[in-house]
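Just so you know, these numbers come straight off a predicted model, no measurement behind them. Below, chain A is the first sequence line, B the second, and so on; all start at residue 1.
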Protein chains: 2
Amino acid sequence: MATGRTHRPATRSRGIPEATVARLPLYLRALTALSERSVPTVSSEELAAAAGVNSAKLRKDFSYLGSYGTRGVGYDVEYLVYQISRELGLTQDWPVVIVGIGNLGAALANYGGFASRGFRVAALIDADPGMAGKPVAGIPVQHTDELESIIRDNGVSIGVIATPAGAAQQVCDRLVAAGVTSILNFAPTVLSVPDGVDVRKVDLSIELQILAFHEQRKAGEEATTGVAAETAVPAAAREESGTDQGPDGDVPAVMPA
Amino acid sequence: MATGRTHRPATRSRGIPEATVARLPLYLRALTALSERSVPTVSSEELAAAAGVNSAKLRKDFSYLGSYGTRGVGYDVEYLVYQISRELGLTQDWPVVIVGIGNLGAALANYGGFASRGFRVAALIDADPGMAGKPVAGIPVQHTDELESIIRDNGVSIGVIATPAGAAQQVCDRLVAAGVTSILNFAPTVLSVPDGVDVRKVDLSIELQILAFHEQRKAGEEATTGVAAETAVPAAAREESGTDQGPDGDVPAVMPA
DNA sequence: CAGTGTGAACCGTTTCACAGCC
DNA sequence: GGCTGTGAAACGGTTCACACTG
């Protein structure tokens, strides 16, 4: 799927395919787990299984980074962790602001995976004056009025939007104007941003709709013709249902600009 | 990303490309907005802009559904809303269970986009006995012990996992054993499921890492050689940064099985 | 004649299969 | 001998450009 945008002709050597970039975090997580168990080396086969992709894809992916493996042996776990971290830019610290501290914003603020890999929640911002000062995940919420100064004072370049849909574009505009160049958008809206700004979106309702599509198809298949599900699909009857085998990667899109 | 699995050879006429399926919810959302404003028809150009894709892609997508437009005129909004809803299986009601009612689970339970489009939160499940009975988003949380009976009694085929990573696989196994065939996974783990079960994942930390990668590249480019960001990227300097133009779709992956 | 519908070209990604190296 | 690294083939998706139609 990877509709991923091709930032820059990609013709150059530093051109790692977007689909590969999207899988690097997956490899990194699997490698980190191995590292914690003090496993010294892995084969492409093992690592691929742990990351949920197939080994050919993994080897091809790594080949874009360079030749970090040893033929006949496999990959050195620690070394790979470092190389991938570096490639992803996780060896530096990325201050992030979260705008919109509702249920979701709070969930994000509390999310551990944040701090673990180079990201640091620099500030929580909300439009509700009543929230100001209240600590969420140990960080005091600040009012939207402070947005610009927070961005600038902390050198923030990554922003997370967790506001209601109606406020998203406006927040986005302010973030961009203040210097943010990468945005993770949880609001169900299409954001428009100037060139040079990356937007990635996470949309729960879309994911569910895609699942529903496949679910519907499964139901339709088992009962040969129509008769679409009225009740649930019996857990049993799934002889040759839809899904496929093997784990597969995923490549969310970087929206336009 | 769309590594999307090809459920079924896709050779058949009913074979709508995975990438197209992933965009249908986007079109649906845009169309719904138009519908609310009582706009009777749209051209592919207008609708594409509202959905954040280009018109050629949109027309090609619609061509897989059939010929629902009128040459020289455009598409009938209401009619299209219905056709896409039907195609996505949203004309029926999908009961969904959410397992893991922490910050994220609560956010999901409160998420409005849920109910709006064919989905109904049938139950909230959590392993903490202390949570049992407590209402979240107006729905009383039930204990994990009830999981199997809830699934069966409500004919649930779609489950959402919002538990910590450590519990995810176990919850997943129980959901699948009880009859769930589609899972939306928010836990940062690779789930393994039997054939016939679809898994889609949403992973915050992965999205951020992908953004960091591009962000890093932007910083590296402006300062010709190295000198990677120490402070933020000046909002100004972004002549020919990374991002591209035009809005683009996205196609998260359906994980393996 | 404006705008849909679509064959055909193009392009990025995945998969295959094997040469090369430890 | 085992496993990596990689050309080349296969594939799915996107873009182009235009024929066709209301």
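- Contact annotation: T70(A) does not reach the phosphate of dC22(C) (side-chain N/O to OP1 or OP2, under 4.0 Å).
- In terms of modelled atom types and a separation under 3.5 Å, the side chain of Q216(A) and the main chain of A212(A) share no donor-acceptor contact.
- In this structure, L204(A) and F186(B) have side chains that are in contact, with non-hydrogen atoms separated by less than 4.5 Å.
- The distance between atom OH of Y68(B) and atom P of dT6(C), rounded to the nearest whole Å, is 12 Å.
- Between K57(A) and dT13(C) there is no side-chain polar atom (N or O) within less than 4.0 angstrom of OP1 or OP2.
- Following rounding to the nearest Å, L65(A) (CG) and dT4(D) (C1') show an atom-to-atom distance of 14 Å.
- Residue S44(A) places at least one side-chain N or O closer than 4.0 Å to OP1 or OP2 of dT4(D).
- Although no hydrogens or angles enter the test, the distance criterion places no donor-acceptor pair under 3.5 Å between the side chain of T20(B) and the main chain of I16(B).
- Atom CD in E45(A) sits about 12 Å away from atom P in dC16(C), given to the nearest Å.
- Regarding contacts with the backbone of dT15(D), a side-chain N or O of N54(B) is found under 4.0 angstrom from either OP1 or OP2.
- With no hydrogens or angles considered, no side-chain donor-acceptor pair links E78(B) and Y82(B) at under 3.5 Å.
- Y75(A) comes within 4.0 angstrom of sugar-phosphate atoms only, judged by non-hydrogen atoms across all strands, and of no base.
- Taking only distance into account, the side chain of R71(B) never meets the base of dT21(D) through a donor-acceptor pair shorter than 3.5 Å.
- The residue G74(A) sits close only to the backbone: its heavy atoms come under 4.0 Å of sugar-phosphate atoms, none of a base.
- R29(B) is listed as a side-chain neighbour of D203(A), based on a closest heavy-atom distance under 4.5 Å.
- For F62(B) and dT4(C), the CZ to P distance is 10 Å, given to the nearest whole Å.
- In this structure, K60(B) places its NZ atom 12 Å from C1' of dT4(C), rounding to the nearest Å.
- Toward the 5' end of DNA chain C, the nearer of the two residues G72(B) and D61(A), judged by each one's closest nucleotide, is G72(B).
- With dT14(C), dA8(C), dA17(D) as the candidates, the nucleotide lying closest to the side chain of R59(B) is dA17(D).
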